[in-house]
Each structure stands twice: as structure tokens, then as C-alpha cells.
Amino acid sequence: MIHTRPTSNASAVTLAAPVAAGGPPARARSRWRWAAGVTLLAAVFLAALAAGDLALSPSEVWSALTGTANDFTQTVVLAWRLPRALAAVAFGAALGAAGSIFQTLTRNPLGSPDIIGFNTGAYTGVLLALILIPAPGFAATATAALVGGLAAAGLVLLFSSRSGVGGHTFVLAGIAISAALGAWNTWLVYKTDTATATASSVWAAGTLDNTRWELLQPVLIALAVIAAATAMTAPKLRIIELGDDLAHALGLRVGATRLLLVVCAVGLTAVTTAAAGPIMFVALAAPHLARAVLPRTHPTLAAALAGALLLSIADWLAAHAFAPTQLPVGAVTVSIGGVYLTLTILFRKR
């Protein structure tokens with residue numbers, strides 16, 4: 001028997017990385033899958049910029065992006081459509097990455113922020129901000145959503161402290177907290193004034209309709225900071241998947257790493273929820289879609305790409321499938337989620 005002794009975290013990543021079968025052909029197929037995913041996302045992104053009351057050709061969209069189109073076309077593309085298309089990509093990627101982190105930590109396919117209750121906690125924070133602060137700006141709303149999401153995460157961690165994040169108790173505690181906060185949110189909406197109730201109800205549907213640069217810029221900055229922290233920490237998920245004992249033996253501080261990953265995932269969810277409202281299903285489905293069609297060498301990145309693609313397609317459908325009526329993107333993602341879960345159950349029964 002050959003005994004090996006780990007020497008660094010780099011060796012841990014190597015141990016955790018899957019072995020690519022087939023050598024160069026397998027790596028080539030992996031690159032083609034990534035390329036296909038990015039190309040499809042780019043196509044949906046350009047379609048979002050081209051479609052609308054004023055339909056534009058791809059060349060007109062490109063001219064607007066490069067600054068060579070007329071002023072009106074540039075206004076339509078750059079000021080009206082580009083912020084929404086970017087928001088769909090950024091928010092979908094954030095939700096997909098958060099869902100991947102939670103599903104890996106909980107070792108449960110239902111371990112996503114919208115199922116466990118962190119979205120509901122962020123909604124509670126925003127509701128309290130709308131009720132207590134006259135005309136709160138984005139900074140106050142985002143802070144309230146982040147505090148609400150972290151508070152919900154703290155309660156879930158408290159109630160599941162004995163079994164830890166990886167146990168079924170974590171998911172059950174999240175579902176219980178989500179139900180309790182959902183009931184309280186409903187009570188708050190009924191008790192507040194009509195204007196606040198209307199604003200909170202519109203926000204709660206999950207929509208990208210009113211996305212503008214003045215809202216999107218601080219959101220993108222916040223997401224970029226959290227994404228950088230996530231990118232530095234997410235590779236350690238592979239070590240955690242090996243089990244706590246081996247992870248400790250490899251020199252990983254499992255508890256601190258789990259906590260940091262939870263904070264990153266909650267932060268991605270809370271900032272997205274503050275800007276667009278609670279958009280369901282994306283965080284739940286994106287990791288599953290990524291595992292089915294994308295290489296598994298970088299699961300969090302793959303889930304982010306799948307989430308960006310899912311939300312971009314859903315937002316295009318919300319904006320154009322029933323034109324001139326626009327639907328909240330949250331209604332589309334929930335509808336897609338219902339069909340997806342139903343088909344999954346039917347196929348598994350067979």
C-alpha cells in the first residue's frame with residue numbers, strides 16, 4: 001500500500017478534481033460544451049437587445065453597441081434594453097452560483113435559497129424597510145434584504161446546529177423558517193397602508209421591467225465584490241465533498257469555510273432579491289441543468305452560466321411572449337419550474 005501525505009490545499013483540489021476520461025478528446029468535448037453554452041447565452045442576450053416595439057436587426061444592435069448608430073437607436077439599445085439584458089445575465093448567474101453552493105453544502109438537490117428560506121428572509125427585510133423608512137433608496141433596500149437574508153440564514157443554522165449544514169435538518173429548518181416568515185410577510189402586507197402594500201406586492205412578483213442604469217450600477221458592483229469572494233472560496237467545495245474528516249486532514253478549516261460560503265451565497269441571493277424581487281426556481285434548477293449539459297470540472301461556474309441562460313430566456317419570454325402585455329419574470333420562472341419538476345417526477349417514476 002502506498003501512503004500519501006497532503007502537502008497543501010492545491011493537492012486537495014487535485015485530489016478532489018474528477019478524472020477526465022478519454023484524454024484530449026474528453027477535454028475537447030468539454031471546451032465545446034462551454035463554448036456552446038456561452039454562444040447560446042450571447043444569442044439570447046442579443047435577441048433581448050433586438051426585440052421590442054422597435055425591432056432591430058443584428059447589425060443595428062451591433063452599431064448601437066459600437067456607437068455608430070443614430071441617436072434614437074443608441075438610446076433604445078443602450079439606455080432602455082441593455083440594463084435589463086445585463087441584469088438578467090448577472091442576476092441569473094448570481095442565483096445559479098448560490099444554488100450550486102447550497103446544494104453542495106447540504107448534499108441535497110432541494111438545497112437552494114428559495115426552498116430553504118433565504119429569499120423569504122430577504123423579502124422580510126425589504127418589507128420592513130418599505131414600512132419603516134419613507135421612500136427608501138436602493139442602498140437601504142439592499143441592506144435590508146441582506147440583513148433579512150443573513151438573519152434567516154442565522155436562524156436556520158441555529159436550528160440545525162446539531163446536524164450541521166450537510167444534514168437533512170438544515171433543509172427542514174429552512175423550509176420551516178420560510179413558512180413562518182412567509183406568513184409574517186403576508187400579515188405585514190395586510191397591516192400596512194395601500195401604497196406600501198402595492199409597492200411590496202409588485203416587488204414580490206420578481207421583475208426586471210424597471211431596471212435602469214442608476215439601479216443596476218451599484219448592484220453590479222455589489223455582485224462583483226461578492227462574486228470575487230465566491231470565486232476564491234468555491235474551489236474548496238470539492239474538498240468539503242470528500243467529507244469532513246478528510247477535509248480536516250487536508251488542512252481545511254471546514255466550519256469557517258462553510259460559514260464563508262453560506263455568507264457568499266446569501267449575499268448573492270440578497271442583492272439580487274433587493275434589486276429584482278424574489279425570483280424563484282433559477283437557483284434550484286440551474287445546478288441540475290449545469291450537471292446535465294456542462295462539464296463538471298467547475299460546478300459553481302457552470303451553474304452560474306446555466307442560471308444566466310435560464311433567467312435571460314425567462315425574461316425574454318416575460319417581455320415578448322405575450323406582447324404588448326409584460327409578465328413579471330418571477331411568474332415565468334415559477335411556471336417553468338412547475339413544468340420542470342412535474343416532468344422530473346414523471347420520468348423518475350418510469
Side-chain angles (χ1 to χ4, degrees), residues 36-67 69-96 114 198-199 201-217 219-220 223 272-273 275-286 289-290 293 304-343:
V38 173
T39 302
L40 183 57
L41 178 60
V44 176
F45 183 81
L46 290 176
L49 297 180
D53 293 335
L54 176 63
L56 300 174
S57 66
S59 61
E60 289 175 314
V61 172
W62 179 253
S63 297
L65 292 175
T66 56
N70 60 65
D71 291 342
F72 181 68
T73 301
Q74 288 193 60
T75 299
V76 169
V77 174
L78 301 181
W80 298 348
R81 296 179 182 174
L82 184 58
R84 179 169 180 166
L86 279 177
V89 172
F91 297 172
L95 292 173
D114 39 7
T198 302
S201 298
V202 171
W203 180 88
T207 180
L208 302 177
D209 290 351
N210 299 317
T211 304
R212 294 293 181 265
W213 283 116
E214 56 269 21
L215 167 68
L216 186 60
Q217 286 176 347
V219 175
L220 291 180
L223 287 178
T272 300
T273 304
I279 299 175
M280 309 298 284
F281 173 69
V282 175
L284 174 64
L289 178 62
V293 300
L305 176 58
L309 184 58
L310 275 175
L311 189 55
S312 296
I313 293 174
D315 188 55
W316 191 94
L317 292 174
H320 306 293
F322 300 95
T325 302
Q326 292 200 11
L327 300 177
V329 68
V332 177
T333 59
V334 168
S335 301
I336 295 174
V339 173
Y340 169 81
L341 292 176
T342 301
L343 292 176

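These numbers were taken from a predicted model, which means no experiment stands behind them.
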Give the minimum heavy-atom separation between Gly206 and Ile279, together with the two atoms involved.
CA-CG1, 4.2 Å
Closest heavy-atom pair, Leu78 versus Ala64, reported as atoms and distance to 0.1 Å, is CD1-O, 3.7 Å
Minimum heavy-atom separation for Leu311 and Gly92, please, with both atom names.
CD2-N, 3.3 Å
Are Thr273 and Phe91 close enough that some pair of their side-chain heavy atoms sits under 4.5 Å apart?
no
Exactly one of Leu49, Val76, Thr73 clears side chain to side chain contact (heavy atoms under 4.5 Å, CB included) with Val61, and that residue is Leu49
Closest approach of Ala94 and Thr272, non-hydrogen atoms and distance?
CB-OG1, 3.6 Å
Under the salt bridge (Lys or Arg N to Asp or Glu O under 4.0 Å) definition, can you give me all pairs with a residue in residues 319-335, not counting sequence neighbours?
none
For Arg81, which residues count as a salt bridge (Lys or Arg N to Asp or Glu O under 4.0 Å) partner, sequence neighbours excluded?
none
Run the side-chain contact (heavy atoms from CB on, under 4.5 Å) check on Phe322 and Leu317 step by step: do they pass?
CA-CA 8 Å; Phe322 300 95; Leu317 292 174; over 6 Å; no
Please test Phe45 against Leu309 for side-chain contact (heavy atoms from CB on, under 4.5 Å), starting from the C-alpha separation and ending with a verdict.
CA-CA 9 Å; Phe45 183 81; Leu309 184 58; over 6 Å; no
Arg84 and Ala319 have their tightest heavy-atom pair at NH2-CB, 3.6 Å
Could you go step by step and tell me if Leu86 and Trp213 meet the side-chain contact (heavy atoms from CB on, under 4.5 Å) rule?
CA-CA 10 Å; Leu86 279 177; Trp213 283 116; 3.5 Å; yes
Determine the sole option in Ile313, Leu305, Leu46 for which the side chain to side chain contact (heavy atoms under 4.5 Å, CB included) test with Leu41 is passed.
Leu305
Taking Thr333 for the side chain and Met280 for the main chain, is one N or O donor matched with an acceptor at less than 3.5 Å?
yes
Shortest non-hydrogen separation from Ala51 to Trp316 and the atoms involved
CB-NE1, 3.7 Å
